[in-house]
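Below is one structure; the comments refer to it alone.
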Amino acid sequence: MRLDALHLNTPLLRAAPGLFPQPEVWLKMDALQPSGSFKLRGIGRLVQQAAADGAREIVCASGGNAGFAAAHAAGALGLACTIVLPESSSAAVAEKIAARGASVLRHGAVFDEANAFAQALAAERGATYVHPFDHPLLWQGHSTLIDEVLEQGLAFDAVITAVGGGGLFCGIVQGLQRHGLHHVPVIAVETLGADSLSQSLQSGHAVTLPAITSVATSLGARRVADEALRLAQSHPTLSLTVTDAQATQACVRFADAMRVMVEPACGAALAALSVHAPALAGFKRPLVEVCGGIGVSLALLQSWA
């Protein structure tokens, strides 16, 4: 099986006129991955390596999207799969993951507690632990989105992405640097209440948030990966924040204009183009990573609207 066989080369679309203040915005549509989000790029690669190494079961802690991707990948490769969700993840997300054949456990109020439990459980069972955002193979998998965009010939001048634990950010920076695009900045967007990268950059060292208070639970890592902070300090990076309301309204506008539903974690990146239009005015052809997410429904979109 090819290493990239589990994820799709997703469409690269120009944003609908009027969706953003900027006249030309391009969208990498990872919301259309089989797992509903970009996570399948990196998680798929990690699970494939686990299978190649002889694993029979994987264990992953997740706020939702990584768990869904892990369940999808494990199912495709015939591995048993256990996903540990924190209590902050919705019942709907747990049901979607279970429907993919994974065993779903609940532990802890936030991701960090679920993750510690998952690591201990994997060690106890002799299973392979799959981290949702902090692993070099995972970053390598996420970096393929940059390869795909460049293969289509798009000359973008910035990449806008949401940041949670920082795995996607690491992959994007690695992809840019692999192609000699060290000068192309990454706009790293977080919601207030889940802004560990922003606070870490302001402080000059890794900051662990006391709690996650944002509705964008997929961004709910209290501390970003050390590699994400290192890259944000060394690669041209603009750290921005938006409110929950701005993120959810961006989801509604995106669904109206592009006919695709995304969750607030993705809405954060979409919102930045309008909320921080003056700061981004210098970019003529920004690329937005539409990371997607399974934590969205018609009912939620209607409530946000």
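- In this structure a side-chain-to-backbone donor-acceptor pair under 3.5 Å is missing from His276 to Ala279.
- Electrostatic pairing of Lys284 and Glu24 does not count as a salt bridge here, judged by no charged N lying under 4.0 Å from a carboxylate O.
- For Ser274 (side chain) and Ala271 (main-chain N/O), no donor-acceptor pair under 3.5 Å exists by modelled atom type.
- Checked by atom type, the side-chain pair Ser214/Asp244 shows a donor-acceptor distance below 3.5 Å.
- Side chain to side chain, Thr243 and Gln246 meet the donor-acceptor criterion of an N or O pair below 3.5 Å.
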Donor-acceptor list for residues 84-98 side chains, cut-off 3.5 Å, not counting sequence neighbours:
{"residue": "Ser89", "atom": "OG", "partner": "Gly63", "partner atom": "O", "Å": "2.7"}
{"residue": "Ser90", "atom": "OG", "partner": "Val93", "partner atom": "N", "Å": "3.1"}
{"residue": "Lys96", "atom": "NZ", "partner": "Ile294", "partner atom": "O", "Å": "2.7"}

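- Sorted by first and then second residue, the pairs that involve residues 156-180 and meet salt bridge (Lys or Arg N to Asp or Glu O under 4.0 Å), not counting sequence neighbours, are Asp147-Arg178.
- Side-chain polar atoms of Glu57 and Thr82 form a donor-acceptor pair below 3.5 angstrom.
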Just list the side-chain donor-acceptor pairs under 3.5 Å for residues 252-259, sequence neighbours left out, or say none.
{"residue": "Arg259", "atom": "NH1", "partner": "Ala257", "partner atom": "O", "Å": "3.3"}

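- In this structure, Phe111 and Phe133 have tilted ring planes: the angle between them lies in the 30° to 60° band.
- Side chains of His72 and Arg100: a donor-acceptor N/O pair is present below 3.5 angstrom, by distance only.
- With hydrogens and angles ignored, the 3.5 Å screen pairs no side-chain donor or acceptor of His179 with any backbone N or O of Leu181.
- Of the possible donor and acceptor atoms, one in the side chain of His142 sits under 3.5 Å from a partner among the backbone N and O of Gly42.
- Side chain of Ser62 to main chain of Gly67: a donor-acceptor pair is present (N/O by atom type, distance under 3.5 Å, no hydrogens or angles).
- Side-chain contact, Gln33 with Ser37: no donor N or O sits under 3.5 Å from an acceptor N or O.
- Nearest heavy-atom pair, Ile83 versus Ala102, reported as atom, atom and distance to 0.1 Å: CG1-CB, 4.0 Å.
- A side-chain hydrogen bond (donor to acceptor under 3.5 Å, both in side chains) with His235 holds for exactly one of Gln177, His183, Arg230; it is Gln177.
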What's the verdict on side chain to side chain contact (heavy atoms under 4.5 Å, CB included) for Leu145 and Leu168, showing C-alpha distance, side-chain angles and the deciding distance? CA-CA 10 Å; Leu145 75 93; Leu168 176 57; 3.7 Å; yes
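- A chain of hydrophobic side-chain contacts below 4.5 Å, direct or via other Ile, Leu, Val, Met, Phe, Trp or Tyr residues, connects Leu12 to Leu176.
- With hydrogens and angles ignored, the 3.5 Å screen pairs no side-chain donor or acceptor of Thr161 with any backbone N or O of Phe169.
- Classification of Asp112 and Arg223 as a salt-bridged pair fails, no side-chain N sitting under 4.0 Å from a carboxylate O.
- Counting non-hydrogen atoms of other residues, nucleotides and ligands closer than 6.0 Å to CZ of Arg56 gives a total of 12 or fewer.
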If you apply the rule side chain to side chain contact (heavy atoms under 4.5 Å, CB included), what do you find for Val290 with Cys266, and how did you get there? CA-CA 6 Å; Val290 183; Cys266 182; 3.8 Å; yes
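- Looking at Glu113 and Arg222, no side-chain N of the basic residue comes within less than 4.0 Å of a carboxylate O on the acidic one, giving no salt bridge.
- Side-chain contact between Cys251 and Leu301 is present, with heavy atoms from C-beta onward closer than 4.5 Å.
- A side-chain donor-acceptor contact under 3.5 Å links Glu190 to the backbone of Ser196.
- Arg285 places a side-chain N or O within donor-acceptor distance of the main-chain N or O of Ala155, the cut-off being under 3.5 Å.
- Remark: the backbone N or O of Thr10 is paired with a side-chain donor or acceptor of Lys28 at under 3.5 angstrom.
- Taking both residues in full, the closest heavy atoms of Ala76 and Leu6 are given as CB-CD2, 3.8 Å, listed atom of the first, atom of the second, then distance.
- When all heavy atoms are compared, the tightest approach of Leu138 to Pro132 is CD1-O, 3.6 Å.
- Put simply, the side chain of Ser198 never gets that close to the backbone of Asp195: no donor and acceptor are under 3.5 Å apart.
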